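Okay, so here's the structure we're looking at.
Index from 1, following the sequence. Indexing begins at 1, ligand by ligand and atom by atom, following the structure's order. Since the model is a prediction, treat every value here as computed from it, not as a measurement. Heavy-atom basis, side chains included; hydrogens, waters and symmetry copies ignored.
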Amino acid sequence: METKTPSSNFIKTIVAEDLASGKVKEVVTRFPPEPNGYLHIGHAKSICLNFELADEFKGRTNLRFDDTNPVKEDVEYVESIKQDVQWLGFDWDGLFFASDYFGEMYERAIVLIRKGLAFVDDQTADQIRETRGTLNSPGIESPYRTRSVEENLELFSRMKAGEFADGQKVLRAKIDMASPNVNLRDPILYRVLHAHHHNTGDQWCIYPMYAFAHPLEDAIEGVTHSICTLEFEDQRPFYDWVIRECEMKWVPHQYEFARLNITNTVMSKRKLKQLVDEKAVDGWDDPRMPTISGLRRKGYTPEAIRAFCREIGVARSYGIVDERMLEHFIREDLKLKALRTMAVLQPLKVVITNYPEGEIEWLDAENNSENPEMGHRQIPFSREIYIERDDFMDNPPPKYFRLFPGNEVRLKHAYFIKCEEVIHDAEGNVVELRCTYDPETKSGSGFTGRKVKGTIHWVEATHAVPAQFRLYEPLITDEAEDDGQSFLEHLNPNSLEVLEGFVEQEMKDSAGGDKFQFFRHGYFNVDPKESTVGHPIFNRIVSLKSSFEVK
Ligand code: ATP
Ligand code: MG
């Protein structure tokens with residue numbers, strides 16, 4: 001696929017200016033996931049943005065696990081995140097864990113206490129929330145706000161030593177309970193939490209809050225441009241306050257961009273985890289999941305995802321991207337790469353009565369009609385073939401050009417066949433067709449005698465390989481996903497359709513991850529987990545056509 005020159009965006013402009021003015025010598029970005037779930041396509045946008053920005057200006061990007069919340073975090077997530085970032089095609093410069101900085105964060109909190117800018121509060125979480133005020137009214141100062149520096153130092157060290165129960169005490173910044181920015185009303189810096197941490201084990205029983213930890217992490221690593229999503233815009237004053245008052249040597253700056261939303265796509269780790277935990281899907285990498293691992297298993301390529309992220313660009317205003325845009329990019333990527341073969345998803349047997357019994361003939365087939373370099377293959381043809389059940393109708397409506405009694409169609413790469421007789425079972429279902437073929441009409445022979453309006457695909461019966469096909473629809477549609485709580489009740493019952501049919505012998509030994517275009521059906525990926533030699537499983541990545549155009 002053509003790689004487009006990365007288009008400009010407002011963050012790039014800022015970086016270019018900062019380098020030109022000498023404000024920074026080298027751009028340093030980071031991708032900071034919390035290891036509490038698998039990455040989704042929204043994260044891919046952030047990954048591409050951070051890594052490509054640094055690459056373009058010959059800077060560095062760190063992968064940093066923002067693991068300050070031990071209860072929800074797990075090494076399984078750490079490993080999956082590393083794998084996904086690498087699979088997308090990016091190499092991090094530094095690999096860090098926020099939890100490695102717990103010691104330094106603790107020291108910085110002490111700096112604040114010594115300056116009279118932090119205090120230990122005995123109020124409960126509820127009391128703190130209730131006294132925060134509203135957008136229109138100021139908060140109420142804590143009765144513990146006036147504790148002396150000595151008392152605060154002592155209590156904070158006792159918090160660390162494990163003398164208090166969860167929730168009994170917190171460390172709060174002392175800023176301004178009347179600030180119009182609610183985030184500056186004495187935000188919590190540290191909480192007591194007796195929990196095992198995936199990285200630091202039982203070393204700590206106090207943990208820093210995200211808003212306090214994040215700026216420190218950026219400063220410790222020398223990050224120059226700390227890019228986050230727009231929800232954090234109101235946190236920026238506190239971010240800057242932490243850097244300044246903690247007297248960090250390096251001063252990073254935060255920039256916000258709009259998070260990615262896609263139509264009919266659940267884009268929240270919390271909800272995706274719920275789908276996994278409640279077994280509504282077959283794990284985080286279920287091909288219906290918008291996770292990077294789910295998209296990979298479905299058959300998306302890193303190239304397609306990166307091209308998509310480049311196309312959607314980086315904006316500061318919210319928008320929702322059409323899911324067909326993502327599909328457009330995988331079609332573009334596979335168009336010239338994928339072998340074009342035939343698969344019958346819902347087979348109907350056809351006997352060609354005037355074709356000699358026991359004879360097999362090998363027909364020439366192009367591997368990719370748009371890419372001659374992919375060459376040709378030979379496909380078998382004989383007296384018995386399978387066609388798609390949908391390609392025959394007993395009583396067709398007007399303008400139906402496929403098979404019906406007395407009608408003639410073209411078999412792709414082969415001959416014209418004419419339907420002479422229909423065999424029904426006792427219930428009246430069509431079980432077999434008897435057709436005749438015309439040897440004059442062989443594909444590639446230059447036959448011009450007469451025309452037919454329909455071309456259908458088929459697979460020769462004795463060489464056909466039994467295969468499974470998995471077709472997908474959105475797990476949940478936007479119309480259905482109205483209230484956050486009960487979203488699981490709105491699951492699309494048709495999100496997975498499993499069909500058993502046949503593919504050409506060409507695909508008998510295909511391995512997990514191999515991608516094909518099946519004539520008229522779309523692009524498919526060999527399932528990397530469950531496919532077996534002799535009975536391949538194909539996940540549909542995307543159908544062939546869409547009305548969607550990328551402008
Ligand atoms: P979620 O809300 O899905 O749990 P998160 O923001 O809590 O996502 P993190 O692991 O904290 O997930 O995010 C890591 C990085 O990815 C952050 O910098 C975050 O801004 C970015 N990110 C997360 N979701 C999106 C999205 N939909 N679009 C763009 N960037 C995103
Ligand atoms: Mg988060």
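- At a heavy-atom cutoff of 4.0 Å, ligand 1 is contacted by no atom of F232, backbone or side chain.
- Within ligand 1, counting atoms from 1 as listed, the ones closer than 4.0 Å to a heavy atom of P33 are 10 (O), 14 (C).
- The shortest N/O to N/O separation between H43 and ligand 1 falls below 3.5 Å.
- By the 4.0 Å N-to-carboxylate-O rule, K529 lies too far from D282 to be salt-bridged with it.
- Residue contacts with ligand 1: K45 is placed with no nitrogen or oxygen under 3.5 Å of a nitrogen or oxygen of the ligand (distance criterion only).
- Residue F31 places no N or O, backbone or side chain, under 3.5 Å from any N or O of ligand 1.
- Aromatic rings from F524 and F516 are positioned such that their centres are separated by 6.0 Å or more.
- Aromatic ring pairs are classed by plane angle as parallel below 30°, tilted from 30° to 60° and perpendicular above 60°; the pair H214 and Y239 is tilted.
- Compare E34, E256, R259 by their heavy atoms: the one nearest to atom 6 (O) of ligand 1 is in R259.
- The heavy atom nearest to atom 19 (C) of ligand 1, considering only T229, D66, L272, is found in T229.
- Each of the following atoms of ligand 1 lies closer than 4.0 Å to a heavy atom of S46: 16 (O), 18 (O), 21 (C), 30 (N).
- Numbered from 1 in the order shown, with element, the atoms of ligand 1 that lie under 4.0 Å from a heavy atom of S268 read 3 (O).
- Under a 4.0 Å criterion applied to the non-hydrogen atoms of F257, ligand 1 contributes the atoms 29 (C), 30 (N).
- For a threshold of 3.5 Å applied to N or O pairs, the pair formed by N36 and ligand 1 contains no separation below that value.
- The CG atom of N525 sits 10.0 Å away from atom OG1 of T301, with the distance rounded to the nearest 0.5 Å.
- The side-chain hydrogen bond (donor to acceptor under 3.5 Å, both in side chains) check on S137 picks up T134, with sequence neighbours excluded.
- Backbone and side-chain nitrogen or oxygen atoms of L260 are examined, and one is located within less than 3.5 angstrom of a nitrogen or oxygen of ligand 1.
- Less than 4.0 angstrom separates some heavy atom of P32 from each of these atoms of ligand 1: 14 (C), 18 (O).
- Using cut-offs of 30° and 60° on the angle between ring planes, the pair F90 and F51 is parallel.
- By the 30° and 60° cut-offs, the orientation of the rings of Y255 relative to H225 is parallel.
- V276 pairs by the side chain to side chain contact (heavy atoms under 4.5 Å, CB included) definition with V281, W284, M289, not counting sequence neighbours.
- Aromatic ring orientation, W204 versus Y106: tilted (interplanar angle from 30° to 60°).
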